[in-house]
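Worksheet for the structure shown next.
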Amino acid sequence: MATASVAMNAATEILMPGSEGEAIAAFGDGADVVVVGGGTIVVPEMTYRRLRPTRALMLGRAGLEGISRDGSRTTIGATTPVQALTELAAPLGPCASNIADLEIRAQATVGGNICAGAGNEAPRGDLQGAFLALGATVRSAGGGDVAEEALEEFLPKRRERLMLDVSFDEPSAGAFAALDRPHTHDYTALAVSGVRAADGTIRLAATGAGGWGTRLPSAEAAASDPEAAGQAALADVTPHDDAIASAWYRTKVLPVLVRRVLTELKESA
Amino acid sequence: MKVVGARIPRYDGVAHVTGRTAYVDDVRIPGTLWTKALRSPHHHAGITKLDTSKAEAMAGVHAVVTWQDVPLLEYGHLAALGIPADEPLLAKDEVRYKGQPIALVAAESEDLAAEAVSRIEIEFEERPALFDVREAFDAEAPQIHQEGNWYKHFEDEMDRRQIRKGDIGWAFENADTIVQGVYRPAAIEHCPVETQVCQVVPEPSGRLTIYSCTQALYFSMGVVAAHLQVPLNKLKVVGGTTGGGFGGKVDTATETMCCLLAMKSGRPVKWRWTREEEFLCSSTRAPWHMEIADAVSKDGWILGRKMLTLHDAGAYSRFSPYGLTKHSFHHTGAYTIPNLEFDGYVVYTNRTPTTAMRGFGVTSVSFAVETHMSRIADVLGLDPYEIRLKNANRIGDTSPNGIVYTDPSTVPTIQTIAESFGHELPADYRTMTSEPRTGDLLPEHLVAQTANPEEH
Amino acid sequence: MNLTVNGVAHEVESSPLTPLLDVLREELGITGPKAGCHQGGCGACTVLVDGEPRRSCLMPVGYVDSGAITTVEGLGPPEDLSPIQQAFIHHYAAQCGFCTSGMLLAGQAYIDRGGTDDDGAIQSALGGHVCRCTGYSKIVDAVAAAARGDSFDLTETAVGKHTTMATGGAE
């Protein structure tokens with residue numbers, strides 16, 4: 001029997017652009033548009049009736065998928081599946097591998113992960129930390145313009161823009177450390193990504209330490225002493241309680257993860 | 001025996017691996033309506049207004065039911081065991097747990113049913129709620145159940161399961177030390193991969209065909225018949241295929257609710273719970289609060305045990321008095337303790353009502369007893385295997401409720417565990433048997449018990 | 001749009017944003033994939049799309065395009081069970097059976113991409129699938145056996161003479 005799907009009411013207008021240009025036009029200024037990447041975050045929200053889109057912009061056919069390299073610069077399209085990142089060097093590779101499970105990684109998109117809104121009870125957007133450490137820039141559209149900016153600038157407005165791709169320069173070393181997940185379906189409670197850029201600069205970022213992915217400038221300033229840097233990192237975050245880890249626990253573990261990442265970066269000098 | 005040790009085919013094996021097993025949600029009947037429930041958003045509140053007219057007026061909505069549609073609103077599932085009814089099928093004047101069902105809608109689509117639920121008008125007057133079973137037991141706690149905060153209908157209207165054996169005063173006077181412990185296992189959600197689901201077809205003959213995921217088909221049939229006040233031969237229940245139950249699908253009420261919707265709408269009706277409903281509103285294994293105080297001698301004999309158990313029934317009794325009863329009989333575990341003072345209560349809180357789960361009532365006490373044995377060993381500085389072997393049940397010993405053990409297996413089990421873990425036992429412990437105690441293994445406090453097992 | 005499921009073409013009317021799971025179960029009446037959570041968290045909805053395992057409860061049907069969908073029904077009928085189905089029967093890898101279709105498909109995809117009988121690799125591949133009955137070890141044993149190409153004499157674990165092969169359950 002053909003019953004109306006639980007997710008949809010007949011009123012939702014479906015937009016399925018076939019190119020980047022069409023996607024940008026369809027997105028417009030983003031008002032009243034729900035962007036659907038792979039669907040791993042948005043589809044359950046609709047199924048449970050928490051999201052009732054007037055217009056749904058399905059990006060799967062807009063040609064925004066793929067990883068390309070131009071010299072030492074890598075560009076990753078917004079609808080590239082998270083699974084495609086798992087073989088890349090740290091921090092991206094291990095960060096992506098630590099997300100969900102095989103099937104969900106194949107359906108989830110890089111853009112969906114970076115642009116994820118705060119979860120009800122769980123941190124989201126693991127990749128934000130890795131890309132922040134890589135000093136990545138994001139190309140996005142909204143209200144007619146297409147702009148490229150640092151990920152730090154993009155993150156506060158990620159819910160209002162249409163992300164097209166993310167780019168970064170190949171670092172000379174990368175590292176990733178995270179709180180172990182008890183099960184594939186647990187989120188990553190706390191993670192630290194670190195990079196030594198080609199010019200020797202150290203960049204560190206954390207996810208799961210409050211809000212969205214965040215740089216750790218106090219730790220970066222003390223990077224030559226991993227132990228001290230670990231303690232310094234606490235000044236850069238506002239940890240919170242959730243189902244898996246308390247704020248207290250996060251303050252105990254963050255310095256350890258920072259120290260491990262910096263030690264690994266030092267050892268790969 | 002022909003069967004033990006043989007490779008016996010699972011009768012449902014082939015169906016499972018070919019996708020042919022028909023779970024309730026796989027049954028396809030043309031014209032089936034979808035169901036959604038209005039559930040309490042509050043842990044404890046009075047209902048001051050309930051108006052379903054706007055939901056009923058929606059096109060595509062074929063039935064809305066509330067407590068007024070239920071012929072017998074309260075039916076105790078274990079009435080046959082003397083546990084009186086205390087829970088309405090659908091809430092009437094008040095709600096006592098978050099998620100408690102208040103009204104049900106049957107409509108052409110799941111989305112429409114959910115929309116209709118949102119149009120039911122309801123108003124509440126919130127009341128103080130209790131979530132901790134120990135707090136609920138305090139005299140000053142708010143009273144959240146019509147009977148007060150704990151069940152009062154054990155035999156002879158006792159308000160507890162009480163076991164008294166031997167002379168507990170003697171035990172505590174003669175102890176070298178008292179070892180205490182408090183054990184509080186948390187609730188556990190069964191989380192079957194199949195959520196609760198039911199389909200009901202109103203037949204032209206007037207009978208109701210019920211497709212149910214219940215673990216207890218005949219039991220559920222009786223519950224439906226009682227609530228609907230119809231003879232059993234009006235019901236045809238198709239069951240036996242459950243996507244996991246573990247005790248969580250023995251107290252199902254979805255069958256009755258779907259019957260009401262099917263009768264009112266004249267259409268087949270299906271209700272499939274979401275995973276969120278399953279986590280938030282389905283019954284769980286109970287949380288427990290257990291306090292144990294053992295009178296022990298310095299050479300490791302347990303002379304006596306005092307124990308207080310508070311079983312968290314959640315908002316309503318359901319099967320909790322039965323679970324507590326089983327728990328009570330096991331409060332000495334696999335060990336012989338001749339002097340006992342046990343009191344167990346079924347206590348109400350505003351949590352989701354609790355139910356059976358794998359070893360109903362007994363997993364809690366096993367956990368507490370075994371942990372306590374190790375604690376005793378720790379306090380006395382003795383080997384935890386030896387403490388257990390010393391106090392282990394022997395042939396002729398009696399359980400807390402006076403059952404004589406004819407073939408207890410504690411001794412060989414612990415010896416086997418010790419061997420498996422490479423734990424070296426002294427010679428006399430390695431050669432211990434379950435034979436009745438003699439000599440050093442028959443200390444004074446056990447003499448009286450073995451002399452008069454029936455009395456103890 | 002058109003969907004090819006187990007080699008059969010179907011015309012689908014549901015909106016492109018409808019989860020594939022609901023299209024399969026509600027519109028096409030293909031009930032092998034199960035609705036365990038509708039959140040991607042249990043694996044019971046898993047189907048293969050061009051041989052790759054996917055959560056059908058998360059996948060908008062509009063994204064399937066011309067992908068060939070395989071559900072558990074497509075692995076093999078009772079009279080011609082595939083090796084992995086036989087392995088599951090032989091190793092008692094199903095109890096209530098509700099997680100089984102997802103496990104079989106994920107296991108089959110694992111073997112098709114060269115998976116071996118290494119327990120750790122199997123657990124990793126099936127890590128997103130929840131089973132509440134078996135404790136997983138027999139499922140891993142069954143996938144390992146199928147990966148090794150074990151063969152079984154199912155007459156000793158096959159359905160007995162007194163049972164039937166008809167679809168179980170409802171009349």
Side-chain angles (χ1 to χ4, degrees), chain B residues 6-30 32 34 109-111 188-195 197 199 201 209-211 213 215 236 238-246 248-249 268 270 272-279 357-358, chain C residues 22 25-26 29-39 41-44 71-79 81-82 84-90 92-102 104 129-133 142 154-160 162-163 165-171:
Chain B
R7 289 184 67 81
I8 301 299
R10 284 191 68 101
Y11 74 95
D12 52 9
V14 176
H16 282 350
V17 303
T18 54
R20 279 162 168 75
T21 303
Y23 301 89
V24 172
D25 190 38
D26 300 331
V27 174
R28 301 284 125 159
I29 296 170
T32 297
W34 292 80
S109 74
E110 200 173 344
D111 204 53
I188 297 181
E189 163 56 39
H190 309 81
C191 196
V193 187
E194 176 201 47
T195 59
V197 59
Q199 289 207 47
V201 183
T209 301
I210 302 168
Y211 298 91
C213 68
Q215 293 175 241
K236 171 179 160 187
V238 179
T241 303
T242 304
F246 322 115
K249 290 174 179 166
K270 172 163 73 174
R272 181 183 75 196
W273 287 21
T274 66
R275 181 54 58 183
E276 289 188 1
E277 279 178 300
E278 193 69 35
F279 267 116
M357 183 178 184
R358 310 291 292 237
Chain C
D22 296 334
R25 289 183 61 81
E26 307 309 328
I30 296 170
T31 57
K34 304 302 179 196
C37 73
H38 261 108
Q39 296 176 319
C42 71
T71 68
V72 65
E73 291 96 330
L75 285 182
E79 58 276 10
L81 297 168
S82 68
I84 195 170
Q85 287 167 305
Q86 292 180 43
F88 268 60
I89 292 173
H90 181 83
Y92 299 103
Q95 286 186 27
C96 83
F98 207 74
C99 75
T100 303
S101 87
L104 282 166
H129 292 253
V130 174
C131 172
R132 292 291 285 163
C133 297
L154 283 189
T155 56
E156 61 166 23
T157 48
V159 176
H162 57 288
T163 57
M165 284 303 191
T167 61
E171 281 94 324

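All values derive from a computational prediction rather than experimental measurement. Reckoned from all heavy atoms, side chains included, excluding hydrogens, waters and symmetry mates. Below, chains carry the letters A, B, ... as their sequence lines are ordered, and counting in each starts from 1.
Using a 4.5 Å heavy-atom cutoff, the side chains of B:Arg272 and C:His38 are in contact. The shortest side-chain heavy-atom distance between B:His16 and C:Gln85 does not fall under the 4.5 Å cut-off. Within the 4.5 Å cutoff, side-chain heavy atoms of B:Asp26 are placed close to those of C:Lys34. B:Glu194 has its side chain out of reach of C:Cys96: every pair of non-hydrogen atoms, C-beta onward, lies at least 4.5 Å apart.
Put simply, the side chain of C:Tyr92 never gets that close to the backbone of B:Arg10: no donor and acceptor are under 3.5 Å apart. A donor-acceptor pair is defined here as one N or O able to donate and one able to accept, closer than 3.5 Å; such a pair exists between the side chain of C:Arg25 and the backbone of B:Asp25. Looking at C:Arg132, its side chain never comes within 3.5 Å of a backbone N or O of B:Gly243 through a donor-acceptor pair.
Interatomic distance, CD1 of C:Ile89 versus OG1 of B:Thr18, reported as 7.5 Å (0.5 Å rounding).
Neither the backbone nor the side chain of C:Leu75 comes within contact range of chain B; no heavy atoms are under 4.5 Å apart. Interface residue B:Thr195: only side-chain heavy atoms are found under 4.5 Å from chain C. Only the side chain of C:Leu81 has a heavy atom closer than 4.5 Å to any heavy atom of chain B. Only the side chain of B:Phe246 comes within less than 4.5 Å of a heavy atom of chain C; its backbone N, CA, C and O stay farther away. Neither the backbone nor the side chain of B:Glu278 comes within contact range of chain C; no heavy atom of the residue lies under 4.5 Å from a heavy atom of that chain. Both the backbone and the side chain of C:Ala94 come within contact range of chain B, with heavy atoms under 4.5 Å apart. For chain B, the nearby parts of C:Gln95 are the backbone and the side chain; heavy atoms of each come within less than 4.5 Å.
C:Val130 and B:Val193 get closest at one heavy-atom pair: O-CG2, 3.7 Å. Taking both residues in full, the closest heavy atoms of C:Cys133 and B:Gly244 are given as SG-CA, 4.5 Å, listed atom of the first, atom of the second, then distance. Nearest heavy-atom pair across C:Phe98 and B:Tyr23 is N-OH, 3.2 Å.
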